[in-house]
Amino acid sequence: MRLFLDTANIDHIRHGVEMGIVSGVTTNPSLVSKEGKVNYQKLVKEICSIVPGPVSTEVLSQNTQGMISEAREIAKWADNIVVKIPASIEGVKATSVLNRENIKVNFTLCFSVNQALLGAAAGAAFISPFVGRLDDIGEDGMKVVFDIVQFLRYYQLPTQVIAASMRHTQHCIMAAKAGAHIATIPYKVLLQMIQHPLTDIGIKRFAQDWQEVMGDGRVA
Ligand code: E4P
């Protein structure tokens with residue numbers, strides 16, 4: 001399972017990429033807004049230059065023609081751009097058109113297997129089931145991820161599943177078990193994934209034991 005960062009924060013993206021484990025980024029209008037009143041195109045282009053893989057950025061239009069026009073414009077910004085199109089009727093239509101033009105689509109705001117079926121049929125490169133938001137309303141978000149992965153595998157479709165709306169580290173484990181191709185996670189969750197108190201204790205103890213016998217000396 002590949003890891004993407006779900007943020008538009010440049011410092012966080014740089015850190016994740018420097019760690020060598022972040023191979024893509026997903027943004028959305030809310031995440032971009034968190035960065036203040038920025039030049040949207042400039043910000044996305046900068047993210048694209050930092051990240052080695054796909055960078056998803058979302059259209060704001062709600063009608064098909066608007067989505068298509070926006071997507072065509074956004075697609076020119078960088079080679080690794082992926083356009084996020086919402087899982088609506090208008091979005092399905094836009095995805096079909098953009099797919100024929102070889103513009104990569106991330107079919108977003110996906111909350112059901114049926115929506116994913118239509119997104120895959122329209123040729124979306126990625127489908128993003130929103131796990132946390134489904135959990136919030138008492139549904140099983142990860143079951144939706146699992147079911148989508150199953151049908152894509154069964155029909156050997158090239159569409160990849162991005163487990164999105166990930167809220168905590170348990171979601172990461174569950175997404176990996178469900179067979180998601182990618183998990184897009186908040187920076188905070190990325191940092192939490194490596195945390196373990198026994199690792200901290202172990203590092204400290206090794207250093208102390210060495211110091212007691214060897215002093216400051218290092219292995220030659
Ligand atoms: C995914 O592409 C979305 O940007 C994101 O995961 C939404 O997450 P949220 O439900 O925490 O806003």
Side-chain angles (χ1 to χ4, degrees), residues 1-8 13 23-34 40 43-44 47-48 51 53-75 77-78 80-99 101 103-137 139 141-142 144-145 147-149 151-152 157-167 171 175 178 180-186 189:
M1 184 176 76
R2 286 191 291 154
L3 291 175
F4 288 4
L5 267 185
D6 196 28
T7 182
I13 292 169
S23 57
V25 159
T26 51
T27 70
N28 64 41
S30 306
L31 291 171
V32 172
S33 303
K34 268 194 194 164
Y40 181 43
L43 178 70
V44 173
I47 295 173
C48 289
V51 179
V55 173
S56 292
T57 195
E58 195 149 348
V59 295
L60 290 168
S61 302
Q62 292 174 21
N63 61 72
T64 304
Q65 205 40 55
M67 287 177 192
I68 293 170
S69 312
E70 264 191 76
R72 283 178 181 151
E73 223 18 70
I74 290 171
W77 293 353
N80 51 342
I81 276 277
V82 174
V83 185
K84 271 176 146 181
I85 301 282
S88 58
I89 282 287
E90 294 78 9
V92 171
K93 217 166 142 189
T95 300
S96 301
V97 172
L98 295 168
N99 178 44
E101 296 178 12
I103 293 175
K104 286 210 166 85
V105 169
N106 175 350
F107 201 61
T108 191
L109 286 167
C110 175
F111 294 97
S112 74
V113 178
N114 275 320
Q115 287 177 318
L117 280 165
L118 296 186
F126 302 96
I127 288 179
S128 294
F130 276 32
V131 176
R133 293 193 196 187
L134 279 168
D135 291 354
D136 286 345
I137 58 160
E139 290 190 31
M142 209 50 82
V144 175
V145 172
D147 290 344
I148 296 171
V149 169
F151 89 71
L152 289 173
L157 297 174
T159 305
Q160 299 208 341
V161 175
I162 305 180
S165 186
M166 305 278 278
R167 301 276 163 80
H171 273 158
H181 303 88
I182 297 149
T184 189
I185 55 175
V189 175

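Only heavy atoms go into these numbers, but all of them, side chains included; no hydrogens, no water, no symmetry mates. Please read these numbers as outputs of a predicted model, since none were measured by experiment.
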State whether the side chain of [X] and the backbone N or O of [Y] hold a donor-acceptor pair below 3.5 Å, judged by distance alone.
X	Y	value
Thr26	Val55	no
Asn80	Cys48	yes
Gln160	Ile182	no
Thr64	Ala94	no

Is any side-chain heavy atom of Met67 closer than 4.5 Å to one of Val83?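 Result no, sub-4.5 Å side-chain heavy-atom pair not found.
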Side-chain contact, heavy-atom cut-off 4.5 Å: Val59 with Ile85?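 In contact.
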Could you tell me the separation between the [atom1] atom of [X] and the [atom2] atom of [Y], rounded to the nearest 0.5 Å?
X	Y	atom1	atom2	result
Leu3	Ile185	CG	CD1	5.0 Å
His181	Thr159	NE2	OG1	8.5 Å
Phe111	Ile137	CZ	CD1	8.0 Å
Glu73	Ile103	CD	CD1	10.0 Å
Asn28	Lys84	CG	NZ	5.0 Å
Leu118	Ile89	CG	CD1	7.0 Å

Can you list the steps and then say if Tyr40 with Thr57 is a side chain to side chain contact (heavy atoms under 4.5 Å, CB included)? CA-CA 10 Å; Tyr40 181 43; Thr57 195; 2.3 Å; yes
Might you point out which heavy atoms bring [X] and [Y] nearest each other, and give the distance in Å?
X	Y	value
Ala87	Cys110	CB-CA, 4.3 Å
Ile13	Leu5	CA-CD1, 3.9 Å
Thr95	Gly119	CG2-O, 4.4 Å
Phe151	Ala120	CE1-CB, 4.2 Å
Ala8	Leu43	O-CD1, 3.9 Å
Met1	Ala180	CG-O, 3.4 Å

Evaluate the criterion side chain to side chain contact (heavy atoms under 4.5 Å, CB included) for residue pair Glu58 and Thr108; output intermediate values, then yes/no. CA-CA 9 Å; Glu58 195 149 348; Thr108 191; 3.5 Å; yes
Derivation of the side chain to side chain contact (heavy atoms under 4.5 Å, CB included) call for Asp136 and Ser165: CA-CA 10 Å; Asp136 286 345; Ser165 186; 6.0 Å; no
Output, in order, the C-alpha distance, side-chain angles, deciding distance and verdict of side chain to side chain contact (heavy atoms under 4.5 Å, CB included) for Val144 and Phe130. CA-CA 9 Å; Val144 175; Phe130 276 32; over 6 Å; no
Any pair with a residue in residues 110-129 that passes side-chain hydrogen bond (donor to acceptor under 3.5 Å, both in side chains), sequence neighbours left out, goes on the list, sorted by first then second residue, please.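 Only Asn106-Ser128 qualify under side-chain hydrogen bond (donor to acceptor under 3.5 Å, both in side chains).
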Partner set under side chain to side chain donor-acceptor pair (under 3.5 Å) for Asp135, not counting sequence neighbours: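 Listed in chain order: His171.
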